[in-house]
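Beneath this line is the structure, given in structure tokens, with notes to follow.
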Amino acid sequence: MGIDFLILMKQEWAIITILFILLFIKVGSKNWTNENILTLVNILMLLNVIAGFFGNKDGILFNEMFKTNHLIVTEKNILSLGTFIIALQSSSWLKNNKHILEFYILLLSTLLGMFFMISAGNLLMFFLGLELSSIPLGALANFDLEKRKSSEAAFKFIISSAFSSGLLLFGISLIYGTTGTLTLSALAERLDGSPLQIFAFILLISGFGFKISAVPFHLWTADVYEGSPVTVTSYFSVISKSSVLFVFLTVLYTVFKPYAVTWYNILFILSVLTMIIGNLFAIRQNNLKRFLAFSSVAQVGFILIGITGATQAGSASVVYFVLIYTFSNLGAFGVISLVSALAGKENIQDYKAFYKNNPMLSWVLAISLFSLAGIPPTAGFFGKFFLLMAGAGQGNYLLITIAALNMVVSLYYYLKVVKAIFMDSNENPIKKLTIPVSPKLALFICTTGIVLTGLISYVYKYIFSVSIGF
Amino acid sequence: MSHYSYIVFVPLLPLVTFLILGLFGRKYFKIHSGSVGVVSLLISTILSFYTAYQYFFIDGKTNAVFQNIIALKYTWLQFSPNVSIDMGILLDPISVMMIVIVSFISLMVHIFSLGYMKGEERLATYYAFLSLFTFSMLGLVLSSNIFQIYMFWELVGISSFLLIGFFFEKPSAVAASKKAFIVTRFADFGFLVGILILAFYSGTLDFRRLIERLTSVQSTEFIQITSATFLGVSMLTWGLILVFIGGAGKSAMFPLHIWLPDAMEGPTPVSALIHAATMVVAGVYLVARLFPVFSIDLTALQIVTWVGSFSALFAAVIACTQTDIKRVLAFSTISQIGFMMFSLGVSKYGGENGLGFTGSMFHLFTHAFFKSLLFLGAGAVIHFAHSNDIKELGGLRKLMPVTHISFLIACLAIAGIPPFSGFFSKEDILLATYQSNKLIYGIAVLTSGLTAFYMFRLYYSIFWNKEIRIQETPHGEGTFSMKAPLIILSICTVLAGFVPISSWVTSDGAPLKSHINVGFSAFPVLMAAAGILLATYLYKTQNSRPQAIASALGSLYRAAYKKFYIDEVYLFITKKIIFNGIGRPAAWIDKNIVDGFMNLLATATAKLSAMIKGLQSGKVQNYALYFFGGIIGLALLFIYVFK
Amino acid sequence: MNASVIIFYILSAFILGAALLAVTARKIFRSAIFLLFTLIGTAALFFWMGVEFVAAVQIIIYVGGIVVLIIFSIFLTQKSGDEMPKPLRKRSLFSILALVFGFAFAYQLIYEHEFGQIVHKSFDVKVTEIGTQMLSTKEYGFVLPFEVVSILLLASMIGCIVIAMKIKPTEEREIQ
Amino acid sequence: MNEISITHILFVSTALFFIGMYGLFTRRNMITMLMAIELILNSVNINFVAFNKYLYPDKLDGVFFAIFVITIAAAEAALAIAIIINLYRSHDSIDVEDASELKY
């Protein structure tokens, strides 16, 4: 305890501090304008991101309820960075919102939940972290209070999430019943492969599958993404999803090692289904948010391939891809959120000839989409290649072939959007948008990230050096 | 070999040009962006020539065998302890030959474009894209690592996408660029999976080590990859076939060739660059790069042979029916690439048996010159007459003398008439084919006859035949910058055949004696001559020719009549049999079946996605049911089935 | 068969019966009351198992909190006395099939699983002990989950306030 | 004190779990769906407590888990009800079939 207690949990402390500052502002003076609050939050988030890079240490606290190491810290840093970008992006939407403080309090408490979930060394902590990261999200999904779609999305999310946590809990209770422990490290030694345990394990996977929207547990995704405010959608699709992916990875690699064959096959099925269904639905979408929702479903299919690799390279490629995915998806969502907030348009048709008046935004969107499609020299290309390479390590070329074919299909629909932006004609294209400073900064960070993450080899090297595998 | 490190500037200069023109071109180099591009590429070209000089004449050889030289190596991404992705430069005879070709042809295209694209508003963008393309292509040929080659491979795809779609106001150009991109990407997936297979079994991505491990029969890697099978075919064969699919996509081999004719929508100099000398031979280059591995796997080699020879014949037949200049040239490109492919396919590794390899590379070399000459000539014609339909063209020989002569030279070269360059390279190919497979040899000779026929059909239709009226244009035949490349390339086309490629570029690095066998070469040359004669007969003039003959021969009316009769027979044979009987159906198949299949894939995907839309019914309780169903399904599967 | 066993079966029957009625009753108010019965029954079951504290928590939070909340919300959104719409036939059919199968499957797995020997150890859960452990940082201490849950409650409270708070009439007019 | 096999208690909890699921799948009123979820969570609690008491009485893991689940159920229900009330304002109905505009 003592100083360790502060250092090991520094990221959690940072978030809690920000939460309390915001609470005090809420309870205290009324003199804060929205702009001041936005600036303050952005500065605090930036400090949080920067602080995340210093003084990292491995360790265990609270009788294995909380554990941390360099990989976990890196993962948390990725999440912090993503949240920071989202905070920057949300300004044009939140500028005139009365509940701006509440928005950030909810956002940060979900982030805190994710941190605890990633650090959990115990199924109870994992479950609480998961709930903390999903229940307030329901409120966030409903943040466009007067919109019909927003409340429908929130309802769908909260009900599905409750349902999935019910199943997850049932799974956890059965695991507890068959092994007698909730501590992850002890659990690994007591798994015996009885049918009931496999059933419990599958229930557990369905809980993960729900959060990362793997088919067939993904059906809520598109509806919720479409209905929620764009900022929240990007949070859903990037931060919330990545955090669960990180935990999924760790849990499979460390705790469920004895079940390696079982989960390899499960992931194989899930990833094939996820890629195919995600792509098929993405093709027919007109709403860009919905389009990105399905495309992000398809991306998860690729990530699952990386997870099947089950080596150090596998976990490194997943974390690396998530980092790249964060930049690319947030870049795309950033543009969409600006256009949605300033011009009120979200359909692909509205983006025809977007290039004419908004060349910079068009390029950012195009680069982001290229990166999502995995076209070099954007970072997405490296990310996808590494995922496939990690997956190929298992020698399952059927999976790789399906994945590569799906990449071609996905290319088709990403290009469709790019074509609309640059090449289609439109009589009244979207007017020239004046972009406030902070979203501009966010887009700049994303674009730089997309270009540089692939080219600077240090990033991958570092992630590889802290990764785990077996 | 640090004294080769300057070579990094060969690809780097175009990249810098791209960045400069891309970022500042529109503001600062509005008019001069062309000169910027030309100058930087000129330096690059000089460096490549210097490299070639140094490599071939000074220190490339050890014990009379050309060595692979790693000029530069930088470990870039360490994927896992064993596998790393390097950025490196590999010098060996083929890569040195390729940088010379690529930079030189690109330079010619840059210069030609100065005139051709004059007045274009987005000139800076155009030159930026050209530079990007040149950079990617140079990077591709210099790659020392299979991942690196894949990366540049994709970059080539993107930059060609940008170039083909340059006139994005034209819907057809947009559609063509998208088609090119998606079809080649479709092929690239094969390449990607192939890379993963080869890399997984050989445990490396580095070309030298990969070839080393997969060709030594005793190595564990080799035993593993040949003993592992999928659907009864060894993983080595699978890997190579998949890599070949990637190559076939870029090189427009049947049935992945459908993008190439459409891709003629781009500016004509771009066609010259992309479709003559650089991007389309990337596939050939890839197979050549991995040739030592290919040569020990006969199944893969057979596939290369048959795909190559079929494409060669098929495209030649279609070319006879086309009326768009650029489309004829496009199909002729497919046909010639087919030659290079099957020549690789019939070759073996090392010594005299490697003649096919050498022939293929030689043909690649000569083809680059005469095909870019043809394309640039076609560009000049289109620029001058504002039409690319041969039915609307004719009699341009007096109006465009430079273009006329250069086009003629190129046609003679592609037809394989000595002493033009095409003759020598085709000679090697035919000889190699004759030694290994008589059937392929037959196809090859037939194809070369057809080639001569359709090329001269094109030539006569443009420059002879009927006289058309052209409004006197102020720029005349073209600016000096347009004529100069034509002249230079014509000279190259004449001389390229005498370059002793066979003593430089061979499968194993050891020089090969080339020998012209007059007896052997007589038949193909005659075949080509027959094709030319037939074309002369049919297309040189519109109607006047038979009459002129009749009057010249005076009383020999019967002879004239007979001539007429033979003419009819010829016409019957060509029009009815070749055109309607073979060419049209082939073109139809090409358009409706092969193309249709690709379209079908697209519509089927769309249909399928419409069919399953019910899954996403919007009703949250249904979602929960599916969720539950998924769990039960997985549980049943893993508790009872896979247990 | 002793009294304890009989009590268990009676309790089980009561819980399941009330639960079935809670999910099938056509009047929403009745449904809520049956839910209340189920929850009380569960509390009684906890009591029977000797974990009084959980039973008490169950009664306080569920019965005193959640059910009251649910009944309030019913008043807010429903005219009392109306029958609820019937479930869609197709969906209930599929649900019943899936769930009966799922239940048989799951229970069969549970039934066949060999749980360890039942440990006849006194299982005395004192409130003081729970209190100590809940706030202990030592071994078997649950202070961290406790804090996390408190943040969760805070966050969901804020969320509820933001969402459910009625928009002022002036603003509402602007929106319409 | 008893001869009840643990599987009997698990029968109750599993049955309760699936009854809850039935309610969730078929009820059209959102509030009743929420009730069904409470049933599901309840059944899990029975599991935890029973396992703890009969199989692993050394530690209080299961009991604590049950307590936390109850807390979470409260938070979840509160938020869900807030969302339902908000939805009621815009839709004038809490029939789940009416909230299916987002689809395909």
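Chain A is the first sequence line, chain B the second, and so forth, proteins listed ahead of strands; every chain is numbered from 1.
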Is there any residue in residues 16-27 of chain D with a non-hydrogen atom under 4.5 Å from a non-hydrogen atom of chain B, and which ones are they?
D/F18, D/M21, D/L24, D/F25, D/T26, D/R27
Testing the basics here: between B/G618 and D/S100, what is the closest heavy-atom pair and its distance to 0.1 Å?
O-CB, 3.1 Å
What is the minimum heavy-atom distance between B/Q621 and D/R28, and which atoms define it?
NE2-N, 4.4 Å
